[in-house]
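Naming convention: chains lettered A, B, ... in sequence-line order (proteins, then strands); numbering from 1 in each chain.
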Amino acid sequence: MTVMSAELPEVVVLPTMAEPAEMVIQARKGWIAIDWNEIWHYRELLYFLVWRDLKVRYKQTVLGIAWAVLQPVLSTFIFTIIFGMFAKIPTGGLPYAVFVYAGLLPFTFFQTGVNQAGLSLINQQNLLTKVYFPRLFVPTSSIGAGLIDMAISFGVYGIILACYRFEPSWQVVYLPFLVFLTILATLGLGYLLAALTVSYRDFRYVIPFMLQIFMYASPVVWSMEMIPKKYRLIAGLNPMAGIIDAYRSAILGQAWHIPTLCISIATTIALFIFGLFYFRKTERRFADIA
Amino acid sequence: MSQPAIIVDGISKRYRLGHANAKHQTFREMATDVLVAPFRKLRAAGEGGNEGEEFWALKDVSFEVQPGEVVGIIGRNGAGKSTLLKVLSRITEPTSGQIRLRGRVASLLEVGTGFHPELTGRENIYLNGAILGMKRTEIATKFDEIVAFAETEKFLDTPVKFYSSGMYVRLAFAVAAHLEPEILIVDEVLAVGDIEFQKKCLGKIKEVSEQSGRTVLFVSHNMGAIESLCTRGVVLSKGQVSFIGSATQAVARYLDSSGKATQTVENISGGPFHLLEGSIFGLDSAPLRTLDAAVVKLRLVANEEVRRFGLHLIIETESGMRLGDLDTFPANSTAFLNAGETYEITVLLNQLPLHVGDYRLQLQLRDDFRYRGLDIDPPLSFHVNDSITIENNSRHGNRFGSLALKYELQTKSMSNPLNSCIAL
């Protein structure tokens, strides 16, 4: 015994055995900061949630991943017939398909992302009520699969551009920044709608309409040039308006509308921050009302 | 080291009943309201006083758990056990009070949380592991062990939607069993799966707590499991702590409070009999357990002379389906009762071949000679507790078959002990 106790202290003071972290659980009031440590700690879960969505996405479909290619191509085809051939929307001299695809790229991502994120919490109630992890991961991960689809869409666009023998302008270097803004806008609205849908299931029905309004309020099928100059700033209040317009400027070399873009960037950031904190504020009630 | 691993300090949790119906706005009102003032909306639904009825799922709950302790939390349905675990696992916030946890916490409130039916067994192990808070490398190193524990090697690459429910549960528990937190919180997860697997799970939990000195909080309705696993027990009743003490004491306390009320009847008259008291318990008033002896005890006064006193005893399910009966007349085990004398009658059932659950006991006291008697109505309700323990394998022997009640009837005159007779 004496020998043992003489040797023991050295063994006991292992770093892992030292003071375990203390965690305090209590009611919190008001706005809640984002716990970056926790998010970092759980980062692998975010990866697994995205991975799950990707794995599950095209299971039991015959065409599988081909849908990611078909969807934008089919939409482009339909819009080209309706808005290009019948409505003859001015495109600044570009083939309509080339023109509309540049808008569909970010908008399709935004549309599916907001829709998925908005429904993500109520679709995964069992996770909310049975296990703890940063709740922000649920809507965040739901846009992951959309990102892969967007990457595929970019590839398809490359082929379309090649078919039309169209050379993108050097300004495509701005694309990553624009993609980043698109993600920010999608997440912002996604967080907000996810939190609202948990409390008010009505939003299930509101979201599709809202997205349709977004589609026509953004220069997806039409061009920013069609709007009188004085109204362009107002159009920029819609985050996606300035962003989508900027995709055309970056890829197709059309004129930039800098003031509109700036307003859209501002509303995007505001939307993101508001969505994020609204989510944080309400997340403590999710398990009780989900 | 003397620092407690868990300090629960005055935790209360309030729910608002009828909260979902509280928002009686029209769709249009709500849409405009949300667009105009999302803030006001939130406050009205969240904190603001709306008229909904309040319900305290937990009320001022306090206790401490030392590192390495295995604490069982018991209580009836709706006593607040699950709410307490949810608060401890940070799924829901307490309304007031504070909890301090020292160490990495993992909670297992449900088996297979986050399992996706379309994914294969292999994929779900990774996904579920991550959801429970394991690192990818950690899952990879334990992968083989998990698969071996679940006994699902052959179906690893089959989507789990094709699994039988037993396989599904085994796989799910296997993942959870390989968590290595410092504090493990487990809810009624053992209620699923077959008995063999339940025993394996209990064994695993025991191993985890004993060998690695982890702190475990364990909710179960299986009193056998609580007694064999836990060092201490906390009894919850209507959201409040009603008892804290050793696991055995806590179990006894709980069974006491849940059983006594319905397991006795008093003062019923009929025919020549006046029943002072009737009850069914285990030996020495212990709780009833599967395959343990049970004693039906009656104290009665015969108003008139009874030539051939006999009993008809029927055990039925709560819904009234007859499981088995015992009639003392065919076996001629009857007794002579003097008028006006008080008797104590005991029927000793050697083994109670009933699974855990609620049952009813119909008692018919008869005087065969005159065909009259007393039917005790409503029947006595009683609860049989499970006695699954890890050590005791023999109990799970052959439990199949109809009720075969072996008994011993004893009649004792209270006024004249010499006048007692034993009829078998």
Side-chain angles (χ1 to χ4, degrees), chain A residues 12 16-17 19-30 38 41-49 51-53 55-60 124 126-133 135 137 192-193 195-196 199-203 205-206 209-210 274 278 281-290, chain B residues 1 3 5 8-9 11 13 15-16 19-20 23 27 30-31 34 38-39 41-42 45-47 67 86-105 107-110 113-114 116-120 123 126-127 129-136 159 182-183 187:
Chain A
V12 173
T16 48
M17 299 291 247
E19 280 301 273
E22 188 179 74
M23 186 171 67
V24 178
I25 301 171
Q26 58 190 359
R28 291 174 293 178
K29 291 259 185 289
E38 186 182 81
H41 177 81
Y42 277 96
R43 65 193 182 279
E44 282 190 349
L45 178 58
L46 184 61
Y47 161 81
F48 272 114
L49 290 175
W51 169 83
R52 175 198 62 183
D53 287 349
K55 279 259 175 190
V56 172
R57 190 143 213 210
Y58 297 111
K59 283 234 170 156
Q60 271 199 5
Q124 296 177 56
N126 61 330
L127 282 187
L128 296 183
T129 54
K130 294 296 179 193
V131 72
Y132 179 80
F133 59 90
R135 301 310 192 202
F137 282 8
L192 186 64
L193 289 174
L196 284 169
S199 307
Y200 312 102
R201 296 296 148 95
D202 313 74
F203 276 91
Y205 310 104
V206 175
F209 285 114
M210 219 169 84
F274 179 69
Y278 182 77
K281 189 176 162 69
T282 45
E283 71 174 1
R284 72 192 98 148
R285 294 192 299 127
F286 288 170
D288 296 338
I289 56 178
Chain B
M1 231 21 225
Q3 284 258 27
V8 177
D9 186 13
I11 286 292
K13 173 79 186 174
Y15 285 104
R16 256 195 203 94
H19 171 86
K23 35 157 195 158
F27 173 76
M30 191 202 57
V34 164
F39 270 118
K41 193 96 210 66
L42 170 77
E47 285 99 20
K86 276 189 183 176
V87 172
L88 276 162
S89 342
R90 291 208 286 163
I91 289 163
T92 181
E93 267 188 8
T95 308
S96 63
Q98 199 186 53
I99 294 174
R100 290 177 176 274
L101 295 163
R102 304 176 67 83
R104 194 179 139 189
V105 184
S107 58
L108 184 57
L109 302 196
E110 178 193 60
T113 304
H116 198 291
E118 298 281 354
L119 295 178
T120 67
E123 290 162 345
Y126 277 94
L127 177 64
I131 286 172
L132 292 173
M134 287 179 171
K135 295 255 168 284
R136 199 171 5 159
E182 282 138 321
I183 300 172
D187 199 359

Review point. Side chain of B/Lys13, backbone of B/Glu93: donor and acceptor closer than 3.5 Å?
Key: yes
Practice item. Could you check whether the rings of A/Tyr200 and A/Phe203 sit parallel, tilted or perpendicular, using 30° and 60° as the cut-offs? Key: tilted
Exercise for review: Could you tell me whether A/Arg135 sits above the aromatic face of A/Phe137, with NZ or CZ closer than 6.0 angstrom to the six-membered ring centre and within 45 degrees of the axis?
Suggested key: no
Review point. What part of B/Val8 is in contact with chain A, defined as an atom under 4.5 angstrom from a non-hydrogen atom: side chain, backbone, both or neither?
Key: neither
Practice item. Please look at A/Tyr47 and chain B and tell me whether the side chain, the backbone, both or neither of the residue comes under 4.5 angstrom of a heavy atom of that chain. Key: side chain
Study note, to complete from the structure: Honestly, the part of A/Leu192 sitting under 4.5 Å from a heavy atom of chain B is neither
**Study point:** No-hydrogen, no-angle side-chain donor-acceptor test under 3.5 Å, A/Glu44 and B/Tyr126
**Key:** no
Exercise for review: Return the option, out of A/His41, A/Arg43, A/Lys130, with the maximum number of heavy-atom pairs under 4.5 Å with chain B.
Suggested key: A/Lys130
**Study point:** Best-contacting candidate, A/Phe133, A/Trp51, A/Tyr42, against chain B by heavy atom pairs under 4.5 angstrom
**Key:** A/Trp51
Exercise for review: Give a yes or no on whether a salt bridge exists between B/Arg104 and B/Glu182, defined as a side-chain N under 4.0 angstrom from a carboxylate O.
Suggested key: no
